[in-house]
Amino acid sequence: PTSNFRPVLLPLQPLRLDFGGESEVRSLKSAEWVGGHVMPRGESLLSGYYLNELLMRLLARDDPHPALFDLYRQTVHVLATDVNPAMTSVLRAFELVLLRDIGLLPALDHQTLTLQPLQADQVYELSAEGGLRQSMRVNDEPPTVSRGAMTGQAWSDLHAALDGHAPWLDTLRVCAHLSTEDRTALQTQLRALLHHHCGVTALRTRQLMVEDRKSTRLNSSHVALS
């Protein structure tokens with residue numbers, strides 16, 4: 001609280017730091033704000049904290065990831081623009097590129113165990129243990145996207161985007177153009193995959209988002225009643 005660096009150490013801002021020490025706790029010698037963007041607000045701020053939690057849980061300490069840092073900076077910049085309709089697509093694109101970069105995302109153009117290519121008109125689900133596999137039928141009826149699976153065409157489009165020259169931007173475009181059903185299925189499956197690799201049943205920031213939305217709805221209800 002009494003540090004001279006306190007006014008500079010703002011969340012989700014680009015900083016140049018100088019620190020030292022060999023112990024678990026380092027000594028901060030200098031901190032300088034290097035410009036960039038305004039601080040995200042509201043739900044965008046919570047989304048930024050969500051990115052931080054993913055990076056802290058999934059990356060090893062002191063292991064540099066220059067490409068991921070650039071991705072993180074781009075994503076925070078978009079969140080700071082406060083374009084709420086695009087927020088979910090931005091987060092899905094970040095999650096996919098992050099998982100791909102650290103080797104936790106299987107290839108999305110074929111089934112993981114059988115290596116069979118995906119069929120555009122079939123639906124597939126992503127499992128933390130089994131990778132990408134065709135959705136099972138229930139009572140001899142065709143599998144449905146509503147069960148949490150996504151079409152083979154959508155998975156293939158994401159695979160091509162992740163292999164492109166600009167993975168984050170290309171993946172963001174694909175996520176933005178997914179159908180409502182595919183977008184919901186992708187969020188559900190990525191959430192389960194991230195929870196598995198983070199070793200938690202729920203991420204702290206996601207719980208905060210849910211509580212914030214409940215509080216907002218309650219406040220709106222009180223205003224309406226008044």
Side-chain angles (χ1 to χ4, degrees), residues 47 49-61 63 65 67-68 71-72 75 88-164 167-168 170-172 174-210:
S47 295
Y49 287 146
Y50 169 68
L51 305 183
N52 288 354
E53 184 174 8
L54 288 181
L55 294 172
M56 292 293 290
R57 287 183 178 274
L58 293 174
L59 302 183
R61 181 168 180 171
D63 184 17
H65 287 269
L68 277 181
L71 164 67
Y72 171 73
T75 306
T88 56
S89 298
V90 168
L91 295 180
R92 298 297 83 75
F94 180 87
E95 292 165 349
L96 284 163
V97 178
L98 169 63
L99 288 167
R100 177 72 173 270
D101 190 87
I102 58 180
L104 297 179
L105 187 72
L108 301 180
D109 63 341
H110 60 262
Q111 297 186 63
T112 303
L113 296 181
T114 65
L115 302 182
Q116 292 296 314
L118 305 187
Q119 302 298 316
D121 58 346
Q122 295 296 311
V123 291
Y124 301 84
E125 53 193 9
L126 184 61
S127 165
E129 299 292 341
L132 196 61
R133 60 190 180 189
Q134 189 167 1
S135 184
M136 300 296 292
R137 295 174 181 268
V138 178
N139 297 328
D140 295 327
E141 293 185 358
T144 60
V145 176
S146 62
R147 291 182 56 232
M150 200 164 69
T151 60
Q153 184 63 59
W155 285 121
S156 297
D157 289 344
L158 287 172
H159 179 85
L162 289 166
D163 273 355
W168 183 72
D170 292 342
T171 304
L172 177 57
V174 173
C175 290
H177 289 90
L178 289 175
S179 67
T180 301
E181 292 82 3
D182 279 342
R183 191 178 298 117
T184 301
L186 180 62
Q187 179 178 3
T188 300
Q189 294 177 88
L190 287 180
R191 181 180 301 174
L193 186 62
L194 288 165
H195 287 175
H196 174 81
H197 290 299
C198 289
V200 298
T201 55
L203 291 166
R204 181 178 176 85
T205 44
R206 195 180 293 280
Q207 292 174 318
L208 288 174
M209 288 182 193
V210 172

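With hydrogens and angles ignored, the 3.5 Å screen pairs no side-chain donor or acceptor of Gln207 with any backbone N or O of Ala202. Tyr124 contributes a side-chain N or O that, together with a main-chain N or O of Gln119, makes up a donor-acceptor pair within less than 3.5 Å.
Annotation for Ala128 and Leu193: closest pair CA-CD1, 3.6 Å, computed over non-hydrogen atoms. Nearest heavy-atom pair across Gly131 and Pro106 is CA-CG, 4.2 Å. Here the closest heavy-atom approach between residue Ala107 and residue Leu132 is recorded as O-CD2, 4.2 Å. The shortest heavy-atom contact between Ala149 and Ala185 is O-CB, 3.2 Å. Shortest non-hydrogen contact noted between Gln111 and Leu118 is N-CD2, 3.8 Å. Closest approach of Ala93 to Cys175, counting heavy atoms only: N-SG, 4.1 Å.
Remark: Arg206 engages Tyr50 in a side-chain hydrogen bond (donor to acceptor under 3.5 Å, both in side chains) (not counting sequence neighbours). Annotation: side chain to side chain contact (heavy atoms under 4.5 Å, CB included) contacts of Ala154 (sequence neighbours excluded): Met150, Thr151, Leu178, Asp182. Residues passing the salt bridge (charged side-chain N to carboxylate O under 4.0 Å, His left out) test with Asp170, sequence neighbours excluded: Arg173. Partners of Leu208 by side chain to side chain contact (heavy atoms under 4.5 Å, CB included), not counting sequence neighbours, listed by chain and number: Leu46, Glu211. Applying the side chain to side chain contact (heavy atoms under 4.5 Å, CB included) test to Ala192 and every residue at least two apart in sequence or in another chain returns nothing. Applying the side-chain hydrogen bond (donor to acceptor under 3.5 Å, both in side chains) test to Glu53 and every residue at least two apart in sequence or in another chain returns Arg57, Thr205. Residues passing the side chain to side chain contact (heavy atoms under 4.5 Å, CB included) test with Ser127, sequence neighbours excluded: Glu129, Arg133. Take Asp63 and apply the side-chain hydrogen bond (donor to acceptor under 3.5 Å, both in side chains) test, not counting sequence neighbours, and it matches His65.
The distance from the CG atom of Leu105 to the CG atom of Leu126 is 6.5 Å, given to the nearest 0.5 Å. Between the CG atom in Leu58 and the CG atom in Asp101 there is a gap of 11.5 Å [rounded to 0.5 Å]. Summarising the geometry, atom CG belonging to Leu54 is positioned 6.5 Å from atom CD belonging to Glu95; distances are rounded to the nearest 0.5 Å. Between the CG atom in Leu190 and the CG atom in Leu96 there is a gap of 5.0 Å [rounded to 0.5 Å]. Between the CH2 atom of Trp155 and the CD atom of Glu125 there is a distance of 9.5 Å, given to the nearest 0.5 Å. Between atom CG of residue Leu99 and atom NE2 of residue His197 there is a gap of 6.5 Å, rounded to the nearest 0.5 Å.
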List the steps, then state whether side chain to side chain contact (heavy atoms under 4.5 Å, CB included) holds for Leu91 with Leu51. CA-CA 8 Å; Leu91 295 180; Leu51 305 183; 3.8 Å; yes
Walk me through whether Gln187 and Thr88 qualify under side chain to side chain contact (heavy atoms under 4.5 Å, CB included). CA-CA 9 Å; Gln187 179 178 3; Thr88 56; 5.5 Å; no
Check against side chain to side chain contact (heavy atoms under 4.5 Å, CB included), Phe94 and Leu68: CA-CA 9 Å; Phe94 180 87; Leu68 277 181; 5.6 Å; no
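Using a 4.5 Å heavy-atom threshold, the side chains of Trp168 and Leu98 count as separate.
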Show me the donor-acceptor pairs within less than 3.5 Å that the side chains of residues 156-164 make with the rest of the protein, sequence neighbours left out.
residue, atom, partner, partner atom, Å
Ser156, OG, Gly152, O, 2.9
Asp157, OD1, Gln153, NE2, 2.9
His159, ND1, Leu108, N, 3.2
His159, NE2, Asp109, OD2, 3.4
His159, NE2, Asp163, OD2, 3.2
Asp163, OD1, Arg100, NH2, 2.3

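The salt bridge (charged side-chain N to carboxylate O under 4.0 Å, His left out) contacts involving residues 183-205 comprise nothing, where partners must be two or more places apart or lie in separate chains.
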